[in-house]
Peer 1: 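Sharing a structure, written as structure tokens. Questions coming.
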Amino acid sequence: MTTTLLRGSFRTHFLLGFAICAALLGYAFYSQLHDGLEPCPLCIFQRVAFFALGVAFLIGGLHAPKSIGGRRGYGVLALLAAVAGIAVAGNHVRLQHLPPDQVPACGPGLDYMLDAMPISGVIRKVMTGSGECANVDWTFLGLSMPAWSLIWFVLLALWAGYAAFRRR
């Protein structure tokens, strides 16, 4: 099964990547709407990165270019989204591991920041983090949701790189 999956087509690899992103986003929305876990600004940025990665996977999978350049182009797009997700999730994990006296104070909500600041200021403010981003409200196998997001971003980056840059 594993070797069959690894030998699959570019289309298969990218559509599977899309399905994984869709499932991860589906679980994030389920945990918000059903379990009441409100996402902090860094969580929302991670969702945006998963969405962008999923779109790159979906478009690449549907297009399924035959040329090496086309496959690599979609691979680069997916890798850019994954690297952005790695940066956000990695920063989130770092905040969650700060000593309590070094956790930044809670800031304004994302809606307010989007209304009051330019987008570059919002990104800068969110990436510095706030107290709400340091809270760990959910764990699975001892890892927080941002830690799982980081793992998935790394795995999906490797998957996209393998699908786009392997020799056929």
Peer 1: Are Leu156 and Phe57 side-chain neighbours, meaning at least one heavy-atom pair lies under 4.5 Å?
Peer 2: yes
Peer 1: How close do Leu15 and Leu62 get, heavy atom to heavy atom, and via which atoms?
Peer 2: CD2-N, 4.2 Å
Peer 1: Does the side chain of His92 reach to within under 4.5 Å of the side chain of Ser144, using non-hydrogen atoms?
Peer 2: no
Peer 1: Would you give the length of the straight line joining atom CD1 of Ile20 to atom CG of Leu16, rounded to the nearest 0.5 angstrom?
Peer 2: 4.0 Å
Peer 1: Would the number of heavy atoms belonging to other residues, nucleotides or ligands and lying under 6.0 Å from CG of Leu155 be above 12?
Peer 2: yes
Peer 1: Considering non-hydrogen atoms only, spot the tightest contact between Leu95 and Leu42 and give its length.
Peer 2: CD1-CD1, 3.5 Å
Peer 1: Hey, are the side chains of Leu143 and Ile151 touching, using non-hydrogen atoms and a 4.5 Å cut-off?
Peer 2: yes
Peer 1: Apply ring pair (Phe, Tyr, Trp, His ring centres under 6.0 Å) to residues Phe18 and Phe14 and explain how you reach the verdict.
Peer 2: CA-CA 6 Å; Phe18 165 73; Phe14 263 54; over 10 Å; no
Peer 1: Enter the distance from Cys43:SG to Leu37:CG here, rounded to the nearest 0.5 Å.
Peer 2: 9.0 Å
Peer 1: Does a side-chain heavy-atom distance below 4.5 Å link Leu53 with Phe153?
Peer 2: yes
Peer 1: Kindly work out whether a path of hydrophobic side-chain contacts (I/L/V/M/F/W/Y, heavy atoms less than 4.5 Å apart) joins Tyr30 to Leu33.
Peer 2: no
Peer 1: Provide the closest heavy-atom pair for Arg47 versus Ala28 in the form atom of the first, atom of the second, distance.
Peer 2: NH2-O, 3.2 Å
Peer 1: Please tell me whether Phe51 and Ile59 are part of a single hydrophobic cluster in this structure, the criterion being side-chain heavy atoms less than 4.5 Å apart.
Peer 2: yes
Peer 1: Just so I know, are the side chains of Gln46 and Pro146 near enough to count as touching, which here means a heavy-atom distance under 4.5 Å?
Peer 2: yes
Peer 1: Nearest 0.5 Å please: distance from the CZ atom of Phe140 over to the OH atom of Tyr27.
Peer 2: 8.5 Å
Peer 1: Give, for atom CD of Gln96 and atom CG of Asn91, the distance between the pair rounded to the nearest 0.5 Å.
Peer 2: 10.5 Å
Peer 1: Please name the pair of heavy atoms, one in Ala78 and one in Ala160, separated by the smallest distance, quoted to 0.1 Å.
Peer 2: CB-CB, 3.7 Å
Peer 1: How far apart are the closest heavy atoms of Ala164 and Gly75, and which atoms are they?
Peer 2: CB-CA, 3.4 Å
Peer 1: Any link between Val48 and Val93 through a network of hydrophobic side chains (Ile, Leu, Val, Met, Phe, Trp, Tyr) touching at under 4.5 Å?
Peer 2: no
Peer 1: Please verify the inter-ring angle class for Trp159 with His13; under 30° counts as parallel, over 60° as perpendicular, anything in between as tilted.
Peer 2: perpendicular
Peer 1: What distance separates Met145 CE from Ser31 OG, expressed to the nearest 0.5 Å?
Peer 2: 4.0 Å
Peer 1: Are Val55 and Val83 linked, directly or through intermediate hydrophobic residues, by side-chain heavy-atom contacts shorter than 4.5 Å (ILVMFWY only)?
Peer 2: no
Peer 1: Taking Arg71 for the side chain and Phe165 for the main chain, is one N or O donor matched with an acceptor at less than 3.5 Å?
Peer 2: no
Peer 1: With sequence neighbours excluded, what pairs up with His63 under the side-chain contact (heavy atoms from CB on, under 4.5 Å) test?
Peer 2: Pro65, Tyr74
